[in-house]
Amino acid sequence: MSDKTFYVTTPIYYVNARPHIGHAYTTIVADVLARRHRLLGDDTFFLTGTDEHGQKIERSAAAAGIPPQQFADQVSKSFEDLWKRMGITNNDYIRTTSPKHKRGVQKLFSTLYERDFIYLASYTGSYCVSDEAFVDAPVGTPCPDCGRLLEEVTEENFFFKLSEFQQPIIELIESGKLSITPESRKNEVLSFVKGGLKDLSISRSSFTWGIPVPEPAANLAAQKHVIYVWLDALANYMTALGYGSDDESLYKKFWPANLHLVGKEIIRFHCVYWPAFLLAAGLPLPKAVTAHGWLLFEDSKMSKSKGNIVRTETILDAFGDEVYGKQFPESSKHERDLFASDVLRYFLLREIPFGQDGSFSFDALITRYNADLANGYGNLVSRTLSMMSKYFEGVIPEIDEVSAAKVEFLGNLQLTFGNKTKTLAPLVADIDDLRFDRYLQGVQVLITVADQTISMMAPWKEKESEAATLSNRAFALHHVAESIRIITALLYPILPFATAKVWAQLGLGDIEAAARNGELNNLEWGGLKPGTKLGPLGPIFPRADKGLAQIMSDMENPTPVDTDPTDPAAAPPTTAPDAAPRTTTLDPVAVLPVGGSSALTTGPSDIVSHTHAHASGIFAAQPPAPLSTESGELTTPQITIDDFAKVEFRVAQIVVAERIPKADKLLRLEVDLGEFGKRQILSGIAEWYAPEDLIGRRIVVITNLAPRKMRGLESHGMLLAASHGEGGKPVLATFGEDIALGSRLK
């Protein structure tokens, strides 16, 4: 074990929803990183858990007819049980209802109060129960983040002096001391902070399900207060390590965290509120926050209201029982779960560039599994070790003299596997930089090279003499088996169950022990020693039948809600324990939450359709039509002033810009319209504008277009741009003078 430590966290999942593959995605990424750092010898701590306080939980429990603690216990257990089924290696599982956590949160509150960053005042305004957040929007209107109707709250609150930390947070982010990735999220946070920070209410007195505000602050209030759920929830990253307890040894060892993994919709809480709390308390800040995207189910956002949530248990049961169980009927349920977990781990990390939205479908899962694992890695292992068992009695053979043909073969193989600088070092950099899709693409290249070289050497063919045949077979099989050793070591963090079976078949023993001993970090060519006895052989990845997709669909049995998806009030908040979570990582509700900001993603209620709307999301001003030689007038059809008055042009500022997976031309933008809120627009300008170059630009937007769905996302408006010539670059219409956002062009 080295002196280096590594501390990684997932968001703590809100207990108003049972887990689905979105939650699994974040937890899988954290587990991969934890396994990776352990095999490097780093002293590693991996934390996950559940967020269990707040008004929504109190109401949901009341509707279910049970106490809030019982309600939280039931759902929290479903998360913890799932992580055990999947073989997740978290070191701790934090619950915000635990006594240890409560003590730590109260200590943090007291520290902020003692340092004069908390004061008592009254508040009247709008509150979103679903998001547990105060919102700068009229009561009774949809919440800009989740679409639920806002409620009026009048109560006495303790406030945190967030406004004092605007410039310090800007400097932290711009200097890189607080690393925020991807770049689009960093720009989003900076835009939010530069827009001005207001003091933040950090207590509630209208309900009781939370951690009580401690004395002496509590003595100032006329009523009992509970601590704001986001101050409560964010503190888990320290309280799990013992902050505020009698034993802070883990806190002193592992804090600050190396990496917080979060969903993009809660980036504001982690990159604005959390660093402000820590700065005010005089505590170290986390080193990095990384936000990933959402998971789309067959190109449509997963949403409880649409009935298209995919449960992780569906994949575990289907692949575990229908694929692995049929090949190995004597296998245990735990083995089947771990196999299926590997399949899901591989698909999510191979298919989705981390940080972007990604698409999930049962057909794609089966296709990727069969192509890369059953026909790729699994087939390479099976054919190589089977021949070694047949020709060399299951023992890694000795290698004798080297012929010219062998030199060429070895040169090709070592060029790929033996050159760490050109081949393996970039791979290692990819996984360390969270480029999992590129990492697995690179591993597939190694598998292909090994497979092609064994086919080229053809050790199953008879040669000129028995001695020559044995020599060539020994040479080929030994070196391809060595390539399998390296491939298996590289795949271990992604496929811990499957690689354990391959490692044992290679005769190398327990892969977990090898990881602890640093053997999986040994990627030097020549690690597989002659004379090593292979373990018992057998298939690793049985093929999955296409009919498995229908089996999984039947397991889910989705029942879409017959509501208007553009109406945020169409799907009222549910009180069931399996409702959509507040801190969901990949489960947006019917309207698209945007990074924890107040971005409005629903169009105005008085939307007017427009005949010129098109998929690009740009209203491009083309070159003038030819003039009439007789009248001198344009040949473009004329419209009346009443027609023109129907089109609403307003000034907007781009606050978020990002690419859409598998859409070369489209960008997803979020624009700020001042008093009219924020909204999402899809625009076909990706060929000409980099997302990071658009942040902060003031543009002209048509705001009363009917919503249009593209790539499973809705666009609520259109940008104005000009272009010259056929296929010319669009140039966005902007302003040379300062003008208020939301101003109408007349």
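Counting from 1, the numbers follow the sequence of the chain as shown.
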Are the side chain of [X] and the backbone N or O of [Y] linked by a donor-acceptor pair below 3.5 Å?
X: Thr181; Y: Glu183; value: no
X: Ser60; Y: Lys56; value: yes
X: Ser205; Y: Glu156; value: yes
X: Asn187; Y: Ser184; value: no
X: Ser76; Y: Asp73; value: no

Exercise for review: Identify, with sequence neighbours excluded, every residue that meets side chain to side chain contact (heavy atoms under 4.5 Å, CB included) alongside Ser163.
Suggested key: Asp199

Between [X] and [Y], what is the ring plane arrangement, given parallel below 30°, perpendicular above 60°, and tilted in between?
X: Tyr251; Y: Trp255; answer: parallel
X: Phe165; Y: Phe117; answer: tilted
X: Phe79; Y: His23; answer: perpendicular

**Study point:** Side-chain donor-acceptor pair present, Glu648, Thr703, cut-off under 3.5 Å
**Key:** yes

Practice item. Report yes or no: do Thr44 and Asp42 form a side-chain donor-acceptor pair below 3.5 Å? Key: no

**Study point:** Pairing of Glu151 and Arg59 as salt bridge, 4.0 angstrom limit
**Key:** yes

If you look only at distance, which donor and acceptor atoms sit under 3.5 Å apart when one is on a side chain in residues 208-221 and the other is two or more places apart or in another chain?
from: Thr208; atom 1: OG1; to: Glu58; atom 2: OE2; distance (Å): 3.2
from: Trp209; atom 1: NE1; to: Glu52; atom 2: O; distance (Å): 2.7

Review point. Tyr7 versus Leu47: any side-chain heavy-atom pair under 4.5 Å?
Key: yes

Point to revise | Check: His225 ring centroid to Phe109 ring centroid under 6.0 Å | key: no

Point to revise | Minimum-distance pair of heavy atoms, taken over all atoms of Ile180 and Arg185 | key: CG2-C, 4.1 Å

Study note, to complete from the structure: The reported gap from CG in Leu278 to CG in Leu112 (rounded to nearest 0.5 angstrom) is 9.0 Å

Point to revise | Quiz item: cation-pi between Arg204 and Tyr127, 6.0 Å / 45° | key: yes

